[in-house]
There are 2 protein chains.
Amino acid sequence: MDKKLQENMPIYVQIMNRVREAVAAGELKPGDRVAPVREMAQDFEVNPNTMQRALNELEREGLLVSERTAGRFVTEDKELISRLRSEMAVDTVDAFRREMAALGYSDEEMMEFFRKRCEVTGSGALTLERIG
Amino acid sequence: MDKKLQENMPIYVQIMNRVREAVAAGELKPGDRVAPVREMAQDFEVNPNTMQRALNELEREGLLVSERTAGRFVTEDKELISRLRSEMAVDTVDAFRREMAALGYSDEEMMEFFRKRCEVTGSGALTLERIG
DNA sequence: ATTATTGTACTAATTAAATAATACAATAAT
DNA sequence: ATTATTGTATTATTTAATTAGTACAATAAT
């Protein structure tokens, strides 16, 4: 789970998305304990209040559960997690199609553009370029 | 060019993107006159100041030019426009791959997911669903 | 020449996000 | 029992985006 945040979206929302992704991708597994609020705040270089806001909302979603002083954990509900992953993927694909369509690309052209882009840049090149 | 705006990104940035897309897609052509600031502000249901901020920045980018009292126009620089379109498409594809990769999808799986999603929803279904 | 339309500039007020600084509550560890 | 660690709550401050309101400047239209 990468920590550098972008601009133009509330930090707490960005954090929520990062955690959602980490859980959806299986980087954080059901029942896994996550770091304490204060520690996560340091990791992400944000204020503890901001981190708590993000974590609280993720709890409302059922993705995390807090057990008072034992810490905070990823839900055991694997069904919920796999549903989350699917929904996020659908949203991502739809957002992609919508944006490319807005630029005047047909579904076929998108496909072709995607394929070409995969050839040019390997699989690993993107993350570092974009986030760093 | 659709007008409804989303949350979580500064409105003026969202407006900039909408205009960029409209120009890149050829919906606004080189030399086209755009509506006056005040009118656009009403169309987008934002404050005139906010609209002007967006338009000003688009001018700094060279995409728009203002001619004092005659109004504001799309640049005649077609080279600039086609370059913009390419860059936006690349950014969009890269963002897509990055997000899907974060969810644990390989390039091949993304491709397959994309294809399936295109089958399920036609080409037109997305815009209304998402933006409305 | 006058007027209306256009872009531009400026100051103030509002709102939400983020930070800062503490304090409290519950419990696992000792 | 005590202590340290954890989540939680609260209040104030700061910062940036947005709105509000107004005024000015240039010029096309009349």
Side-chain angles (χ1 to χ4, degrees), chain A residues 1-20 22-23 28 30-76, chain B residues 1-20 22-23 28 30-76:
Chain A
M1 174 169 35
D2 198 307
K3 301 289 181 4
K4 300 281 175 48
L5 301 175
Q6 318 160 358
E7 286 300 302
N8 290 341
M9 191 186 300
I11 294 182
Y12 77 94
V13 175
Q14 296 178 48
I15 294 173
M16 289 178 66
N17 284 334
R18 292 299 179 82
V19 177
R20 281 200 201 96
V23 174
L28 288 174
D32 272 3
R33 182 176 190 273
V34 303
V37 209
R38 296 164 175 81
E39 190 177 325
M40 288 190 75
Q42 281 190 326
D43 290 347
F44 281 87
E45 297 178 315
V46 298
N47 190 281
N49 298 325
T50 306
M51 183 57 62
Q52 204 194 337
R53 174 165 183 180
L55 297 178
N56 269 338
E57 301 227 24
L58 289 172
E59 250 171 273
R60 286 199 313 98
E61 292 184 9
L63 203 65
L64 299 179
V65 283
S66 78
E67 262 151 50
R68 218 29 186 152
T69 68
R72 203 178 248 111
F73 302 84
V74 176
T75 178
E76 304 272 10
Chain B
M1 170 171 36
D2 199 307
K3 302 286 180 5
K4 301 282 176 47
L5 301 174
Q6 317 159 359
E7 284 301 302
N8 291 340
M9 191 185 302
I11 293 182
Y12 77 95
V13 175
Q14 296 178 49
I15 294 173
M16 290 178 67
N17 284 333
R18 293 298 178 82
V19 177
R20 280 199 202 98
V23 174
L28 287 174
D32 273 2
R33 182 175 189 273
V34 302
V37 208
R38 295 166 177 82
E39 190 176 324
M40 289 190 73
Q42 282 190 325
D43 291 347
F44 281 87
E45 298 178 313
V46 297
N47 190 280
N49 297 325
T50 307
M51 183 58 60
Q52 202 192 340
R53 175 164 183 182
L55 297 177
N56 268 338
E57 301 227 24
L58 289 172
E59 252 170 273
R60 287 199 313 97
E61 292 183 9
L63 202 63
L64 300 179
V65 283
S66 78
E67 264 151 47
R68 223 21 189 155
T69 69
R72 203 179 248 109
F73 302 85
V74 176
T75 180
E76 303 272 11

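What you see is a predicted model, and the numbers here were worked out from it, not measured in a lab. Proteins come first, then strands; the chains are lettered A, B, ... in the order of their sequence lines, and each starts at number 1.
Taking every side-chain heavy atom of Ile11(A) into account, dT19(C) is the closest of dA23(C), dG7(C), dT19(C). For Thr50(A), whose side chain is taken as the heavy atoms from C-beta onward, the closest listed nucleotide among dA21(C), dA18(C), dT8(C) is dA18(C).
The number of heavy atoms from other shown groups lying within 6.0 Å of CD (Gln42(A)) does not exceed 12.
When all heavy atoms are compared, the tightest approach of Tyr12(A) to Ala54(A) is O-CB, 3.5 Å. Counting all heavy atoms, side chain and backbone alike, Met51(A) lies closest to Met40(A) at CE-O, 3.5 Å. Shown here for Arg33(A) and Ala70(A), the closest heavy-atom pair between the two residues is NE-O, 3.1 Å.
Regarding Arg53(B), its CZ atom lies at a distance of 19 Å from the P atom of dG7(C), rounded to whole Å. Distance CG (Asn49(B)) to P (dG7(C)): 14 Å, rounded to an integer number of Å. Atom CD of Gln52(A) and atom C1' of dA23(C) are 13 Å apart (whole Å). Between Met16(A) atom CE and dA18(C) atom P there is a gap of 12 Å when expressed in whole angstrom units. Computed from coordinates, the Leu55(B) CG to dT8(C) P distance equals 9 Å when rounded to whole Å.
Interface residues of residues 59-76 of chain B facing DNA chain D, ordered by number: Arg68(B), Thr69(B); criterion, heavy-atom separation under 4.0 Å.
Using a 4.5 Å heavy-atom cutoff, the side chains of Thr75(B) and Leu64(B) are not in contact. Residues Phe73(A) and Val34(A) are not in side-chain contact: their nearest non-hydrogen atoms beyond the backbone lie 4.5 Å or more apart. Using a 4.5 Å heavy-atom cutoff, the side chains of Val74(A) and Leu63(A) are not in contact. Residues Met9(A) and Met9(B) are not in side-chain contact: their nearest non-hydrogen atoms beyond the backbone lie 4.5 Å or more apart. Counting heavy atoms from C-beta on, the side chains of Arg72(A) and Pro36(A) never come closer than 4.5 Å.
In this structure, the separation between CD1 on Ile11(B) and CZ on Arg18(B) is 11.0 Å, given to the nearest 0.5 Å.
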Note to self: What does the 5'-to-3' dot-bracket notation of DNA chain C look like when only Watson-Crick and G-U wobble pairs under 3.5 Å count, and pairs to other strands show as |?
What the structure shows: ||||||||||||||||||||||||||||||
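Base contact: Arg38(B) has a heavy atom under 4.0 Å from a base atom.
In this structure, a donor-acceptor pair under 3.5 Å is present between the side chains of Arg20(B) and Asn17(B).
Along DNA chain D, the stretch of nucleotides lying under 4.0 Å from any heavy atom of chain B spans, 5' to 3', dA17(D) to dT27(D).
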